[in-house]
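Structure first, then comments.
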Amino acid sequence: MELIAIFISAILVNNFVLYYFLGICPFLGVSKRIDSAISMGLAVTFVMTITAVVSWAINNWILIPHGLDYLKIVSFILVIASLVQLVEMFIRKVSPPLYQALGIYLPLITTNCAIMGLALLAALREYGFAEAVVFGVGSGLGFTLAIVLMAGIREQLDLADVPEPLKGAGISLIVAGIMALAFMGFIGMIK
Amino acid sequence: MPTRSIGQEYIKGLWSENPVFRQLLGLCPTLAVTGWVINGLAMGLATSFVLIFSSLVVSLIKKLIPSQVRIASYIVIIATFVTVADRFLAAYFPDISKDLGPYVPLIVVNCIILGRQEAFSSKNSVGRSLIDALGMSSGFVLALLVLSSIREILGSGTYLGHQVMGSWFKPWIIMILPAGAFLALGILLGIALQIEKKTKSRV
């Protein structure tokens, strides 16, 4: 039950983009077309799941037993950077078509604050292993949902008559605000 | 690169290359912590601290860093100063540190900081890098202050915790919620763009 609650809340209630404001850069940068938004979302979900596992292991097996809590920031960011590199090489070797599809989005993920935020939030809430994994998958899917919805709206927005100064980032943020407002409707779902 | 005077190097961070309004960098913390002016200010100062000291160190040792591993080196330098800032806030301002939560450690992935190291400190002298970092920091603090002032006054009728609006004022709860952050920043970006266009067309 607990796991289902974490999963639903990561996707809908505490959506990473619309509630925690994590991953805004790719959310605004890669949401012009639906297909690239889906690729980005899947890449993020993939890396998030692995990050959740690895950062949990590092935090609980290395940092906490040795009282090295203060090294959390440095070690997490290094792990994420090398992990993204590793995943990139692995995918290129194993599945070239998938590598083609993800393209430039993989390296971009390193600087995506959603990944770092996931590792930090999971450590902050002292999740167990299963909870951390479910949280990772759920957060990734939540990010995918937000960015795909956004891309759908922005494709329509191209045809709309937007006031000149609001074109581009301005109108995207306002749309995101309205989406955040809509997502607030889910708040009652968990507790 | 055109040579700028020291003054221009500083001023550009405030407006023409303002990290938030003009370059759209560091939006995550900008949106997340600006519900209250005090949080915005703390976030701005913590980020400034990290940016200024990272720029100092990077510009000092830029000749020693092999270019293949420069990004990793920058990240380690930045992460070190973020840890310092995080511990400092937790020790002296536990309330603010608790409010800001994971966003203090997240300064490490703030693209403003890495961006300045890559684009500026790794190519310029120590003095210029410091001025540039100071300018960018001021611009970031300014953006956070503007946004958090709007959100706190409209969202709760207070400023820095003091009541500023009369009793007739009904707080716009939405402004302190996530949705309000997106809306306010979106409209501010539009205004910034409009001002920019007006000043350009006059010249």
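- The candidate from L121(A), V17(A), L28(A), L120(A) with the greatest count of non-hydrogen atom pairs under 4.5 Å with chain B is L120(A).
- With a threshold of 4.5 angstrom between heavy atoms, L24(B) approaches chain A through side-chain atoms but not through N, CA, C or O.
- Among residues two or more places apart in sequence or in another chain, the side-chain hydrogen bond (donor to acceptor under 3.5 Å, both in side chains) test is passed with R125(A) by Y20(A), Y127(A).
- Scanning residues 65-76 of chain A against chain B with a 4.5 Å heavy-atom cutoff picks out Y70(A), I73(A), V74(A), ordered by number.
- One distance of note links CG of N110(B) with CE of M116(A); it measures 12.5 Å at 0.5 Å rounding.
- F90(A) CZ: 12 or fewer foreign heavy atoms inside a 6.0 Å radius.
- The local environment of CZ in F49(B) is crowded, with over 12 non-hydrogen atoms from other residues, nucleotides or ligands closer than 6.0 Å.
- Ranked by heavy-atom pairs shorter than 4.5 Å toward chain A, the options L177(B), T83(B), D86(B), L27(B) are led by T83(B).
- Atom CD1 of I171(A) is separated from atom CG of L189(B) by 11.5 Å, given to the nearest 0.5 angstrom.
- Atom CH2 of W15(B) has more than 12 neighbouring heavy atoms from other residues, nucleotides or ligands inside a 6.0 Å radius.
- By the neighbour-count criterion of 12 heavy atoms within 6.0 Å, atom NZ of K32(A) is sparsely surrounded, having that number or fewer from other residues, nucleotides or ligands.
- For the set A180(A), A123(A), S172(A), the entry with the most heavy-atom pairs within less than 4.5 Å of chain B is A180(A).
- Annotation: residues 179-188 of chain B contacts chain A through A179(B), A181(B), F182(B), L183(B), L185(B), G186(B), I187(B) [non-hydrogen atoms, separation under 4.5 Å].
- Heavy atoms closer than 4.5 Å to chain B are found nowhere in M179(A), neither backbone nor side chain.
- Residue L78(A) touches chain B through its side chain alone, counting heavy-atom pairs closer than 4.5 Å.
- In the displayed structure, E126(A) atom CD is contacted under 6.0 Å by at most 12 heavy atoms of other residues, nucleotides or ligands.
- Considering every non-hydrogen atom in both G23(A) and C28(B), the closest pair reads N-SG, 3.8 Å.
- Of all heavy-atom pairs between P102(B) and L124(A), the closest is CD-CD2, 4.3 Å.
- Most heavy-atom pairs under 4.5 Å with chain A, from the set A32(B), A192(B), P29(B): that is A32(B).
- To the nearest 0.5 Å, atom CD1 of residue I78(B) and atom CD1 of residue I77(A) are 9.0 Å apart.
- Below 4.5 Å, heavy atoms of chain B meet heavy atoms from E164(A), P165(A), L166(A), all part of residues 139-167 of chain A.
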